[in-house]
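Every chain is numbered from 1, with letters handed out A, B, ... down the list of sequences.
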Number of protein chains: 2
Amino acid sequence: MLIFRSTAQGKVIIVAKTPARKPAISDHLAYLLAQANREINRHLESRLRKEGVPVEQWRVLMILADGKGHSMGDLANAVLLNHPTLTKMVDRMVSDALVYRVQDPSDRRRVLMHLSDRGKALAKRLSSLAERQEADIIQSYGNKSTSELKRLLESLIDSAS
Amino acid sequence: MLIFRSTAQGKVIIVAKTPARKPAISDHLAYLLAQANREINRHLESRLRKEGVPVEQWRVLMILADGKGHSMGDLANAVLLNHPTLTKMVDRMVSDALVYRVQDPSDRRRVLMHLSDRGKALAKRLSSLAERQEADIIQSYGNKSTSELKRLLESLIDSAS
DNA sequence: TGCCAACAGTTGAAAATTCAACATTTTCCC
DNA sequence: GGGAAAATGTTGAATTTTCAACTGTTGGCA
């Protein structure tokens with residue numbers, strides 16, 4: 001769409017030019033990200049289904065795999081879940097004997113999460129499933145595109161947070 | 001990690017070199033996408049909060065805004081929701097008098113969704129909120145990065161689906 | 001035509017997520 | 001030190017999402 005204005009001399013000039021078609025939802029970064037995220041998640045999920053583990057639990061296990069003992073707050077942040085959701089998911093994982101809670105001795109409000117042996121073994125198996133998926137993406141999408149995309153996503157993440 | 005072997009002459013040589021640190025979760029495209037998606041969604045959500053509309057309903061409204069009458073199946077796909085979830089969300093939106101169902105005369109299994117006047121008005125208001133958010137992203141993240149990222153996401157989406 | 005598989009959408013029960021409120025512990029600061 | 005405010009995590013109720021099973025309709029084809 002063009003936007004006009006007439007000058008003092010009576011001439012008509014274009015002062016603005018909006019995109020020809022009205023913005024479709026697929027022009028929005030928010031939508032493209034959601035779409036891409038869903039697609040990739042779907043693939044990852046189908047890989048992890050072999051072990052019957054949801055993507056969110058994969059994230060928990062990966063984060064805890066450094067053996068460091070993360071607080072619930074850290075974890076919630078790292079696995080992209082809010083606190084009550086994480087609490088309940090951790091409850092389930094405790095029932096499944098994958099993780100356990102330890103009270104932080106230096107701050108008794110805090111709880112430090114750890115992997116059990118069973119959790120470690122599962123984490124290792126999942127890790128190789130996820131690596132394989134990553135390799136598949138690189139295969140079909142290209143090494144260059146993949147690393148460029150990762151670079152852009154990282155910088156978007158810190159510009160947005 | 002380095003992997004060694006000793007030669008017949010008793011010398012030790014490096015035969016392989018694996019990446020220095022074991023793969024962290026933040027190396028995974030799946031994780032970066034989830035993170036970026038959450039961050040951008042958070043921003044969009046806080047914009048839409050003004051109208052009290054969740055992001056998924058924004059998507060529904062945007063898709064229907066073309067006035068064409070979409071089937072539930074199309075919609076579910078477009079708004080990235082599975083069928084039963086969409087059915088129930090549409091039920092809510094019908095209660096709020098934002099949308100209505102019409103049976104497709106040419107295929108009586110199908111339902112065509114339309115925006116009510118109220119829905120159209122809301123869609124228009126939301127649209128400008130979302131445009132503003134998009135503009136903010138471009139502002140802080142850069143025009144070039146944004147369009148490059150969109151391009152990569154689009155191509156990822158079709159390579160993955 | 002008449003049958004049957006596939007398709008479109010919905011439903012009800014079960015599971016997961018969210019919101020607000022809560023308990024406990026620590027930090028701040030007077 | 002003492003008391004208010006902030007931080008950490010959990011809880012219970014309400015909402016939302018998911019899964020499997022279901023109804024109704026269409027399309028293929030014998």
Please enumerate all residues that pass ring-ring contact (aromatic ring centres under 6.0 Å, His included) together with His28(A), with sequence neighbours excluded. Trp58(B)
Contacts of Arg151(B) meeting side-chain contact (heavy atoms from CB on, under 4.5 Å) (sequence neighbours excluded), chain-then-number -> Glu148(B)
His83(B): which residues meet the ring-ring contact (aromatic ring centres under 6.0 Å, His included) condition with it, sequence neighbours left out? none
Side-chain donor-acceptor pairs under 3.5 Å in residues 69-76 of chain B, sequence neighbours left out?
from     : atom 1 : to       : atom 2 : distance (Å)
His70(B) : NE2    : Ile63(B) : O      : 3.4
His70(B) : NE2    : Asp66(B) : OD1    : 3.0
His70(B) : NE2    : Asp66(B) : OD2    : 2.9
Ser71(B) : OG     : Asp74(B) : N      : 3.2

According to a hydrophobic-cluster definition based on side-chain heavy atoms being under 4.5 Å apart (Ile, Leu, Val, Met, Phe, Trp, Tyr only), do Ile25(B) and Leu149(A) belong together? no
Report whether Met113(A) and Val53(A) are members of the same hydrophobic cluster (ILVMFWY, side-chain heavy atoms less than 4.5 Å apart, transitive linking). yes
Need the bend value for the helix from dT1(C)-dA30(D) to dC30(C)-dG1(D): angle between end axes, 5 pairs each end, nearest 10°. 20°
Using whole Å, report how far CD of Glu45(B) lies from P of dT16(D). 13 Å
For DNA chain D, the residues among residues 73-84 of chain B that have a non-hydrogen atom under 4.0 Å from it: Asn82(B), Pro84(B)
Could you tell me whether Glu39(A) and Arg42(A) have a side-chain N and a carboxylate O separated by less than 4.0 Å? yes
Any donor-acceptor pair under 3.5 Å between the side chain of Arg109(A) and the base of dA7(D)? yes
Under the 4.5 Å side-chain heavy-atom rule for ILVMFWY, direct or indirect, which residues accompany Ile138(A)? none
How many whole angstroms separate atom CG of Asp104(A) from atom P of dG9(D)? 9 Å
note: Gln103(B), atom CD; dT23(D), atom P; distance rounded to Å ~ 18 Å
Using a cut-off of less than 4.0 Å, is there contact between a side-chain N or O of Arg108(B) and OP1 or OP2 of dG24(D)? no
Distance-minimising heavy-atom pair for Met89(A) and Leu81(A): SD-CD2, 3.7 Å
Would you confirm whether Arg118(B), through its side chain, and Asp96(B), through its main-chain N or O, come within 3.5 Å as a donor-acceptor pair? yes
What residues in residues 87-94 of chain A put a non-hydrogen atom under 4.0 Å from any atom of DNA chain D? Thr87(A), Lys88(A)
Leu122(B) side, atom CG; Leu115(B) side, atom CG - distance, nearest 0.5 Å: 9.0 Å
Should the pair Glu134(A)-Lys150(A) be classified as a salt bridge under the 4.0 Å nitrogen-to-oxygen rule? yes
Sorted by number, residues from residues 48-63 of chain B placing a heavy atom under 4.0 Å from DNA chain D are none
Output every pair passing ring-ring contact (aromatic ring centres under 6.0 Å, His included) with a member in residues 104-157 of chain B, not counting sequence neighbours, ordered by first then second residue. Tyr100(B)-His114(B)
What pairs with His43(A) under ring-ring contact (aromatic ring centres under 6.0 Å, His included), at least two apart in sequence or on another chain? none
Out of dT17(C), dT10(C), dT17(D), which has the shortest distance to the side chain of Thr85(A)? dT17(C)
With the threshold set at under 4.0 Å for non-hydrogen atoms, list the residues of residues 31-41 of chain B touching DNA chain D in residue-number order. none
May I have the distance from Leu86(A) (atom CG) to dT11(D) (atom P), rounded to whole angstrom? 13 Å
Any sub-3.5 Å donor-acceptor pair from Gln133(A)'s side-chain atoms to Ile40(A)'s backbone N or O? yes
At less than 4.0 Å, is any side-chain N or O atom of Arg101(B) found next to OP1 or OP2 of dT10(C)? Yes or no. yes
Closest non-hydrogen atom pair between Leu156(A) and Ala36(B), with its separation: CD2-CB, 4.2 Å
